[in-house]
Participant: 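I'd like to ask you about the structure that follows.
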There are 2 protein chains.
Amino acid sequence: MGITKSDFFTEGQNKIAQWMKALGHPARIAIIQFLLEKKSCICGDIVDELPLAQATVSQHLRELKNAEIIKGNIEGNSICYCLNINTISQIQLFINQLNKDVFDNVENKCC
Amino acid sequence: MGITKSDFFTEGQNKIAQWMKALGHPARIAIIQFLLEKKSCICGDIVDELPLAQATVSQHLRELKNAEIIKGNIEGNSICYCLNINTISQIQLFINQLNKDVFDNVENKCC
DNA sequence: ATTTTTCATCGTAATATTGCAATAAACAAT
DNA sequence: ATTGTTTATTGCAATATTACGATGAAAAAT
């Protein structure tokens with residue numbers, strides 16, 4: 001079908017999956033790394049850094065924005081994108097808990 | 001097109017994106033949580049826990065395995081799946097570094 | 001006022017994902 | 001040997017994603 005049965009999963013499961021899905025493309029990872037590198041946050045030149053057309057980059061940015069991984073501000077003519085600390089922190093919480101649980105159960109592993 | 005231009009991104013970017021993509025579906029998050037909950041690792045009953053057909057669950061398990069998020073062992077008739085500590089740790093490393101970098105640059109944010 | 005710059009959106013094509021029924025494969029139990 | 005149990009695979013339909021050219025919109029620069 002190609003449609004995800006979101007209704008049958010918990011809100012938390014859907015939220016985490018949405019964040020992870022947004023991070024599930026190398027161009028979007030590259031965008032995030034670029035936003036970190038460019039401390040100035042004047043981010044109009046992401047297109048020049050990526051091997052993708054402007055329309056494609058804009059689409060990736062929109063997906064990151066929809067998932068609340070980044071925020072965008074209009075700055076006169078250009079737009080300034082920033083990482084959303086709040087979401088990144090929540091992702092970190094999930095991954096750290098996951099890692100802790102895995103290590104706590106390490107003696108119960110069978111493979 | 002629907003095809004990702006992986007060749008134009010770094011190995012690291014592709015690897016991280018692959019992990020995140022594998023985690024980018026609520027059913028796969030649910031599977032992971034179930035694997036953690038069931039400490040025994042006798043995991044033949046994932047199908048009963050999820051609102052999905054057996055074929056679909058098997059497909060999700062294969063994707064998690066391809067991304068090396070889980071490992072699977074044949075145990076007589078049934079199969080035992082476990083989380084791959086190594087990969088989970090690497091994901092944690094990436095997220096923790098990301099979070100650190102975001103916080104370090106908090107004063108340079110514009111939005 | 002016109003042109004340029006910057007970013008978003010629309011339309012479209014190619015490919016990928018999601019989901020399931022049906023079937024196969026591999027072993028266990030009878 | 002046959003039957004049941006468990007998981008994988010195949011084939012298919014519906015939907016989503018990825019990518020880009022063309023176009024639009026809004027402010028900046030000339």
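Numbers restart at 1 for each chain; the letters A, B, ... are given by sequence-line order, proteins then strands.
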Participant: Between I29(A) (CD1) and dT18(D) (C1'), how many Å, whole number?
Facilitator: 16 Å
Participant: Would you call the rings of H25(B) and F9(A) parallel, tilted or perpendicular if under 30° counts as parallel and over 60° as perpendicular?
Facilitator: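 The rings of H25(B) and F9(A) stand perpendicular, inter-plane angle above 60°.
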Participant: In whole angstroms, how far is the P atom of dA8(C) from the CG atom of N73(A)?
Facilitator: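 N73(A) atom CG is separated from dA8(C) atom P by 12 Å.
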Participant: When L98(A) is tested against each of I88(B), I91(B), L23(B), I29(B) for side chain to side chain contact (heavy atoms under 4.5 Å, CB included), which residue passes?
Facilitator: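 Exactly one pass, corresponding to I88(B).
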Participant: Output yes when at least one side-chain N/O atom of Y81(B) is less than 4.0 Å from OP1 or OP2 of dT6(D), else no.
Facilitator: no
Participant: Could you tell me whether the phosphate oxygens of dA8(D), OP1 or OP2, come under 4.0 Å of any side-chain nitrogen or oxygen in S58(B)?
Facilitator: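 S58(B) to dA8(D) OP1/OP2: side-chain N or O found under 4.0 Å.
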Participant: Rounded to whole angstrom units, what separation is found between the CG atom of L50(A) and the C1' atom of dC7(C)?
Facilitator: 15 Å
Participant: In whole angstrom, give the distance that lies between atom CD of E63(A) and atom C1' of dA19(D).
Facilitator: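 Atom CD in E63(A) sits about 12 Å away from atom C1' in dA19(D).
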Participant: Taking side chain as C-beta onward, heavy atoms only, is T87(A) less than 4.5 Å from K71(A)?
Facilitator: no
Participant: As a test of reading the structure: which of dA8(C), dC20(C), dG21(D) is closest to the side chain of I79(A), going by heavy atoms?
Facilitator: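 Per side-chain heavy atoms of I79(A), the pick is dA8(C).
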Participant: Would you mind reading off the distance between Q59(A) atom CD and dA19(D) atom P, rounded to a whole angstrom?
Facilitator: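 Atom-to-atom, Q59(A) to dA19(D), this comes out as 8 Å.
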Participant: Using heavy atoms to find the nearest nucleotide of DNA chain C for K21(A) and Q54(A) separately, return the residue whose nucleotide is more 5′.
Facilitator: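 Closer to the 5' end of DNA chain C: Q54(A).
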Participant: Any side-chain N or O of H60(B) under 4.0 Å from OP1/OP2 of dG19(C)?
Facilitator: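 Yes, H60(B) has a side-chain N/O under 4.0 Å of OP1/OP2 on dG19(C).
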Participant: Report which part of the nucleic acid T56(A) touches: base, sugar-phosphate, or nothing (heavy-atom distance under 4.0 Å, all strands).
Facilitator: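 T56(A): base contact, heavy atoms under 4.0 Å.
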Participant: Report the nucleotide, chosen from dT18(C), dC7(C), dT9(D), that has the shortest atom-to-atom distance to any side-chain atom of H25(B).
Facilitator: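 Among dT18(C), dC7(C), dT9(D), the one nearest the side chain of H25(B) is dT18(C).
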Participant: Starting at CG of L61(B) and ending at C1' of dG19(C), how long is that distance when rounded to a whole Å?
Facilitator: 14 Å
Participant: Nearest-Å distance, CD (Q18(A)) to C1' (dA16(D))?
Facilitator: 15 Å
Participant: Answer yes if V106(B) and L93(A) sit in the same cluster of Ile, Leu, Val, Met, Phe, Trp and Tyr residues linked by side chain heavy atoms under 4.5 Å apart, and no otherwise.
Facilitator: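 No; L93(A) is not reachable from V106(B) via cluster members.
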Participant: For R62(A) and dC20(D), give me the distance from atom CZ to atom C1', rounded to whole Å.
Facilitator: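 The distance from CZ of R62(A) to C1' of dC20(D) comes to 14 Å, rounded to the nearest Å.
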Participant: Under a 3.5 Å cutoff, is there a donor and acceptor pairing between the side chains of Q97(A) and D101(A)?
Facilitator: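 Judged by distance alone, the side chains do pair up.
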Participant: What contact category does A53(A) fall into here, base, sugar-phosphate, or nothing, at under 4.0 angstrom with non-hydrogen atoms?
Facilitator: sugar-phosphate
